[in-house]
Every structure is written in C-alpha cells, then in structure tokens.
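A short worksheet on the structure shown next.
Predicted model only: the values in this text are computed from it and were never measured. These numbers come from the heavy atoms of this one structure, side chains and all, not from hydrogens, waters or symmetry mates. First the proteins, then the strands, lettered A, B, ... as listed; each starts at 1.
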Amino acid sequence: MWLNKRKFKRLAKARITGSIAPGEEAVLDKLLEESETERREFQRIQELEKQLNSIRITDESIDVTEKVMQTIKSKTNTAKSFSPNTFSVENLFPTFPVRFAMILLAGIFIGSALTWVFIPGKSGGNTESLAGSLSANPNQSISYSTPNSNIRMIPYQIENMHYLNFIVETGSELQFKISYNDSEMVIANASYLAAEGNKSTSYDTGNVSFSATGRTTFQIIFEKVSDPKTALTVTALQNQSVIISKQLFFE
Amino acid sequence: METESIEKLISPNTNFQVTKKYFMNKGLSESGIQPENESSNEQNSDEDHDIIRLVLNESVNAYRLLIDKYQVPVYNLFIRMLHNREDAEELTQDVFVKVYEALPGFRFEYRFFSWLYRIALNTALSHMKRQRSFVGIEHLANLSAENNERDAYNDIHLKMAVEQLKVRSRAVIIMKYYQQLSYREVAFALDIPETKVRSRLYDARLQLKEILEKTGYF
C-alpha cells in the first residue's frame, strides 16, 4: 500500500512534468483506476493546473523611464564633465590585451620619473605596507598580491596634474574608494582605461569609488588647488573585507 | 514613440539601425511579453540586441526603448513578490540602472529579456531576505473589479494560497503563471535546468493543493 502510494506520487509527477515513460502511463492509469484517494488527488492537481493557467492577469502600469534615464545621465555626465577632451586609449589600441599591455608599459615607464611620496612597494601580500600612511619615497609604485588578486597603484606627476593609475588583476570583484580633501584637490578626470569585467563608478564630495573585476585599469587625475602637502586615502575591499587602507601624500 | 524619433536615438557613428518594424511590433500584450512563438521570440530578441548595440555604441538614449518595453513586467514581478508598490517602483528603477551598468558584460547568446528577469528576480529575493517582513494578505482585497464573482472568488483563494508558499515555490509559480514565462525562460531566470523548473512547479502545486484543502477550498 505504502509502495503503491510512493509509486503513484512518482508517476503522477512524471506525467504532469511531461517526463513519464510510455510504459509507465499504463501503470499510472491502473493505479488511478484502483484507488479513489489517488484518483481524487490527481484530479485536484489537474484542476489546480487548470486554474493556474486561467488566472486573469491584470498588470499595473508604471513609468520610470525618465527617472532611470536621469539617474544614468547624471552618472555619465559626472564622469564626462571632468575632462571632455580626454584622450581615448580605446581608439589607439582597440583590442583589450594590447591596450592593457600598452597601459602597463606606459605606467611603468612614467612611474620611474615621478615625484610621488609614499612607502616603498613590497609585493607578496605584506599587509603592513598596505596600511597606514606613506613615508617619503618617490619613484616607486605600490604592489599588492594575494593568490586571487594583483594590485598596482602607480602615481606620477605631469606639470601640475597628479595621476594615480590602478592596474588590477583579480578573480573576484574588488571595490576601491579614494577619499580626498576637496578644498585642497579637485578631480580632473576619473575613468576606466580598460576593463574586462563590469564597470561601476560613483562620485561624492571628496570621494570617488570604482569596482574592478578581471583585468582593469582605472586612472584618476587630480589637480592640486592649494600649496601645502595634501593627502588622499585609498581603501580596497574584497568580499567586504578591507585588504588595503593607504594614505598617500601629494607634495 | 514616433518612428521618426528612431533617428534621434542613433549616434552618427553607429552602423546599426533599429528597424521601423520594431515600432510596428509594439502591439505587445499588456505585460510586454510575446506569445510563446519561436519566430516572434527570435525577432524580439534580435531587436533587443540591436538596441543594446546602440547603447554600447554611446547612444545612451536608445536605452529608453528597453525600459519602455520591459518596465511593466518587471514592476509587476516586484509587486507580486513584495506586495509593496513603493518598494516595487524603487526596485524597478534600481534594476534598470543596474542592467544599464552591466550592459558591457552582456552576452549576446542570451535573450535580453531572460537576462533582465534573472537580475530582477535576484534583486527581489535579496530584498525579501533583507526585509524579512511578514507580508499581509489584506492587499488581496484590493483586486481590480471583477465581473464574474466565481472567477474572482477562485482567483482570490488561489492568490491567498500562493502567498503562503515558501519563497522558492512562490517565485516559480509567479514567474510561470503570473508573469507567463515559458519553462525555458523561468529556467534561465533561476539559473536551473528546465527539468528542475518542472519539478519545482509540481512540488509547488502539491503545496498549493494542501493549503487549499486546509482552507476548505477543495
């Protein structure tokens, strides 16, 4: 009896989901014929199916088009207004690997001539060097490696503009946040130069954030508006854990 | 939207053209979903892909075509899952912004509609997990006016029973019967095989049957 009930459930499910074998149809029909309980249960399931299929759908209307487009445009305009004449690397180097390689080489070449102040880079996941403030040691980039990620921050200066390039390779998404004093520095441009994964940037007074998935190059260009030494803080999170927290100084 | 305005949406640099027939096909159902017809689904998908290419080619304005087309089904999915119009509207906006930002990663072997649904459903489920609020069924009394009393009675009872299902079962029932997606589309949205969709639907129906029996409906 119990075995029959179990068999019935299996065959009924198979018939309704469309996966019943031809030989099993006759078995199910026999079970239905022999048991009123099972027959009633099967009929109820079929009736329910019929009712579900005849539900009258009344959709409510909505119009969020303008709000969504405004949100998108305000995010896009915030990025574009920083530097409408930004030279596009994508036009010169159309394929991602070539672009990535060119940017990496450019960053290494330019980074060797910088006048930046920060702690000497140590690779291999030394977390001490990735926290706290930077001591004065120009001409070096900061590198950080884990089994899952490689991060390089390359700062350099051209005339009165300070550049900070992030070159990232990561298996899982990293979130970067750069905080600065907006009365001492302004952002001239902040944009992806290359991105293998999803792009996400946000701006707030004194903050810029971006995400990196896969191979990513992100560049921020600052213009100092005051003479004294000024600082910015770089924080990187992965899986909601802080993996980098660094203060950098501009002379 | 007038046909002439298509040109305004196309960047001068683009090689893609949104065809005039796209607008002639605007006679979609209220929920914006085409009947389950392979050739019309393919055509629909091609049009969506054309629009995506426009957007990726810097014609941001073209994105409004996708919003216009799919905001109603997405909004109604949220209403059915969350039962809160304010939350539903907010999440609808969030989803379309999220989708726009994710467009560079869109894979053209997918249908945009299915991909959108997957993102929307995940958003709904995350929101429900965060809220963990009891959703009262009193809102069901505010159904639109029904002429046929018996149908209204059946519908209300069925909807009340659906409300009492667990989230996973409720999601498949809503997507299949209220959002009228095909098995294949539900499978993609939930990221499970089609056979599993059929199996979950069957289990959900069994649960519904038990609930309806307890409430004396059967």
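- Taking 4.5 Å as the heavy-atom cut-off, the residues of residues 193-206 of chain B that approach chain A are B/Arg198, B/Ser199, B/Tyr202, B/Asp203, B/Arg205, B/Leu206, ordered by number.
- For the residue pair B/Asn61 / A/Lys73, a side-chain donor-acceptor distance below 3.5 Å is found, with atom types taken as modelled.
- Proximity to chain A is limited to the side chain of B/Tyr100, based on heavy atoms less than 4.5 angstrom apart.
- Rounding to the nearest 0.5 Å gives a distance of 5.0 Å between CG of A/Leu52 and CG of B/Leu158.
- The contact list for residues 16-24 of chain A toward chain B, using heavy atoms and a distance under 4.5 Å, reads A/Ile16, A/Thr17 by residue number.
- Salt-bridge formation is detected for the pair A/Lys67/B/Glu89: a Lys NZ or Arg NE/NH1/NH2 atom is positioned less than 4.0 Å from an Asp or Glu carboxylate oxygen.
- Considering every non-hydrogen atom in both A/Met69 and B/Val60, the closest pair reads CE-O, 3.3 Å.
- Of the possible polar contacts, one joining the B/Asn76 side chain to the A/Glu60 backbone as a donor-acceptor pair under 3.5 Å is found.
- Only the side chain of A/Ile72 comes within less than 4.5 Å of a heavy atom in chain B; its backbone stays farther off.
- When all heavy atoms are compared, the tightest approach of A/Leu48 to B/Lys209 is CD2-N, 3.7 Å.
- If you measure heavy-atom distances from A/Asn53 to chain B, the contacts under 4.5 Å come from both the backbone and the side chain.
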Side chain to side chain contact (heavy atoms under 4.5 Å, CB included) for B/Arg80 and A/Ile57? Distances and angles first, verdict last.
CA-CA 11 Å; B/Arg80 287 166 185 139; A/Ile57 315 292; 3.3 Å; yes
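- The line from NZ of B/Lys176 to CD1 of A/Ile55 is 11.0 Å long, rounded to the nearest 0.5 Å.
- Heavy-atom distances place both the backbone and the side chain of A/Glu41 under 4.5 Å from chain B.
- Side chains of A/Gln51 and B/Tyr177: no donor on one and acceptor on the other come within 3.5 Å.
- Inter-residue side-chain proximity for A/Val68 and B/Tyr63 is flagged as met; some heavy-atom pair is nearer than 4.5 Å.
- How far CZ of B/Phe78 is from CD1 of A/Ile62: 11.5 Å, rounded to the nearest 0.5 Å.
- More than 12 heavy-atom neighbours from other residues, nucleotides or ligands sit within 6.0 angstrom of CZ on A/Arg39.
- A donor-acceptor contact shorter than 3.5 Å is absent between the side chain of B/Glu101 and the backbone of A/Ser200.
- B/Gln93 is not listed as a side-chain neighbour of A/Thr65, based on a closest heavy-atom distance of 4.5 Å or more.
- When heavy atoms are compared at a cutoff of 4.5 Å, A/Ala14 does not approach chain B at all.
- Environment of NZ in A/Lys13: crowded, with over 12 heavy atoms of neighbouring residues, nucleotides or ligands closer than 6.0 Å.
- Considering OG1 of A/Thr58 and OH of B/Tyr178, their distance stands at 10.0 Å, rounded to 0.5 Å.
- Crowding of A/Gln240 atom CD: a count of heavy atoms from other residues, nucleotides or ligands under 6.0 Å not exceeding 12.
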